[in-house]
2 protein chains.
Amino acid sequence: MNLAEQGLLLEQQLCFDVYAASRAINKAYRPLLEALGLTYPQYLVMLVLWQHEAQTVKQLGEQLQLDSGTLSPLLKRLESAGFLQRQRRASDEREVEIQLTEAGRALRQQASNVPASIFQALGLNASDYLELKRLLHQVMASVEANSPD
Amino acid sequence: MNLAEQGLLLEQQLCFDVYAASRAINKAYRPLLEALGLTYPQYLVMLVLWQHEAQTVKQLGEQLQLDSGTLSPLLKRLESAGFLQRQRRASDEREVEIQLTEAGRALRQQASNVPASIFQALGLNASDYLELKRLLHQVMASVEANSPD
DNA sequence: ACAAATTGAATTGCACACAATATAATTGCT
DNA sequence: AGCAATTATATTGTGTGCAATTCAATTTGT
């Protein structure tokens, strides 16, 4: 087997591992978030909003690296669920401001035990946790330098 | 801010990083694979088939951790594209055997430069590459121990 | 001032993911 | 042999992701 063919084997490793780990983590969140009526991407949006209540779609997209094609329908579902409201900003009618409802704020308390449960499920000690985070950031920085947004 | 609230901040870090890195990597593959007429999940299926030509849907699913709900339509698209054929196995008609076509085999040569390009784009040295792989495997093992397939 | 370019969201179209269900074939049990 | 349980795949329905397009509002250049 030549070098190129080896690549097509080794290849599958790291990138596939990131992809598989992402799906495995999503699966771990599912039962916890189901109790809150959220999917994992919806939970991420709520996390951002719990930190800073009023955000435009664009600001959410920048933090989550998601575009309006993903966020628009997701935010509508969260609005239907009663967790937030969407309204055009008066100062610039192109922007849509997202605000939590009381139910959306209340959900934060119910979610308070989720992070610890997940951390537990990941099975990493503190230093491995930080090391993994560092390596993922390095990968993202490199990849985005080559294929910018 | 109490501990639970801190978790809802820190929280976003590692799991979000894995999720964001997975999407960033997918984006890096996109232009390379577009030239081959493949998506990233389709490329993963082809990688497995290049290693071992004849596989059932179940065997592919075990290696990729994907179920028939994802694989069935994906394999039909690869069949439409002319890269593989699907046929019921005579010895057990519940199984569908996937076989590469000549075009599917030929695609391997065109893909031979993809792994090196991606490795380059990841911007990791060999030891970081292995460390990241190790940590992701550890996460997957822990997570799957808690929420088995 | 005002046409052209830009910006922010939404929409459309396509391709995953995955839970839940359905269907058909095989195996196991008696 | 015959029926229940199991197995392998497909289908359905919901929810992302993201490229490409559209549309309205704002900003820019002259």
Side-chain angles (χ1 to χ4, degrees), chain A residues 16 19-31 33-34 37-46 55-62 64-81 83 86-98 144 147-149, chain B residues 16 18-31 33-34 37-46 55-62 64-81 86-98 144 147-149:
Chain A
F16 173 66
Y19 163 75
S22 180
R23 287 185 293 116
I25 289 173
N26 191 306
K27 184 179 290 189
Y29 272 102
R30 190 177 299 271
L33 297 182
E34 200 168 338
L38 296 175
T39 65
Y40 182 59
Q42 289 169 7
Y43 170 70
L44 293 175
V45 168
M46 295 302 287
Q55 305 245 4
T56 63
V57 174
K58 178 181 172 58
Q59 289 170 325
L60 288 171
E62 283 167 354
L64 297 168
Q65 293 291 304
L66 292 171
D67 74 0
S68 65
T70 300
L71 285 175
S72 288
L74 188 156
L75 291 168
K76 283 186 181 176
R77 280 187 283 270
L78 286 175
E79 186 177 39
S80 300
F83 296 136
R86 295 153 58 250
Q87 56 189 359
R88 295 275 161 188
R89 183 171 277 176
S91 62
D92 185 340
E93 296 238 338
R94 292 171 306 180
E95 300 182 341
V96 169
E97 186 150 6
I98 307 300
E144 279 157 18
S147 54
D149 306 330
Chain B
F16 174 67
V18 175
Y19 164 75
S22 180
R23 288 185 292 116
I25 289 173
N26 192 307
K27 184 180 288 187
Y29 271 102
R30 191 178 298 270
L33 297 181
E34 199 169 339
L38 296 175
T39 65
Y40 182 59
Q42 288 169 8
Y43 170 70
L44 293 175
V45 168
M46 294 302 287
Q55 306 246 1
T56 63
V57 175
K58 178 181 173 58
Q59 289 170 325
L60 288 171
E62 282 168 354
L64 297 168
Q65 294 292 305
L66 292 171
D67 73 0
S68 67
T70 300
L71 285 175
S72 288
L74 188 156
L75 291 168
K76 282 185 181 176
R77 282 187 283 270
L78 285 175
E79 185 177 39
S80 300
R86 296 156 55 251
Q87 56 188 357
R88 294 278 162 187
R89 184 170 276 176
S91 62
D92 186 340
E93 296 239 335
R94 292 171 308 179
E95 300 182 342
V96 170
E97 185 151 3
I98 307 300
E144 280 157 17
S147 53
D149 307 330

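Note on naming: letters A, B, ... go to the chains in the order of the sequence lines (proteins, then strands), and numbering restarts at 1 for each one. These numbers come from the heavy atoms of this one structure, side chains and all, not from hydrogens, waters or symmetry mates. It should be emphasised that the depicted structure is a prediction, and the values quoted were computed from it without experimental measurement.
Between the CD atom of A/Q55 and the C1' atom of C/dA9 there is a distance of 16 Å, rounded to whole Å. Distance CD (B/E34) to P (D/dC18): 14 Å, rounded to an integer number of Å. Remark: P of D/dC23 and CD of A/E95 are 21 Å apart, rounded to the nearest angstrom. The CG-C1' distance, from A/L38 to D/dT14, rounds to 15 Å in whole Å. Taking atom CG on A/L64 and atom C1' on D/dG17, their separation rounds to 13 Å, with Å as the unit. Protein atom CD of B/E97 is 10 Å distant from nucleotide atom P of D/dT9, rounded to whole Å. Regarding B/L75, its CG atom lies at a distance of 15 Å from the C1' atom of D/dT11, rounded to whole Å. Distance NZ (A/K58) to P (C/dA10): 14 Å, rounded to an integer number of Å.
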Between protein and nucleotides 24-28 of chain D, what N or O pairs are separated by less than 3.5 Å?
{"residue": "D/dT26", "atom": "OP1", "partner": "A/E93", "partner atom": "N", "Å": "3.3"}

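Take A/E97 and apply the side chain to side chain contact (heavy atoms under 4.5 Å, CB included) test, not counting sequence neighbours, and it matches A/A54, A/R89, A/Q99. Residues passing the side chain to side chain contact (heavy atoms under 4.5 Å, CB included) test with A/T70 are A/L66, A/D67, sequence neighbours excluded. Applying the salt bridge (charged side-chain N to carboxylate O under 4.0 Å, His left out) rule to B/E144 yields no partners; only residues at least two apart in sequence or on another chain are considered. A/D92 pairs by the side chain to side chain contact (heavy atoms under 4.5 Å, CB included) definition with A/R94, A/E95, not counting sequence neighbours.
Using the six-membered ring where Trp is involved, B/Y29 and B/Y43 have ring planes that are tilted, between 30° and 60° apart.
B/E79 places a side-chain N or O within donor-acceptor distance of the main-chain N or O of B/R86, the cut-off being under 3.5 Å.
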At under 4.0 Å between heavy atoms, which parts of nucleotides 11-19 of chain C does protein reach? Answer with one letter per nucleotide, 5' to 3': B base, S sugar-phosphate only, - none. B---SSBBB
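Of all heavy-atom pairs between A/F16 and B/Y40, the closest is N-OH, 3.4 Å. In plain terms, the two heavy atoms of B/L64 and A/R23 that are nearest each other are O-NH2, 2.9 Å.
Remark: B/T56 OG1 to B/L71 CG distance equals 10.0 Å, nearest 0.5 Å.
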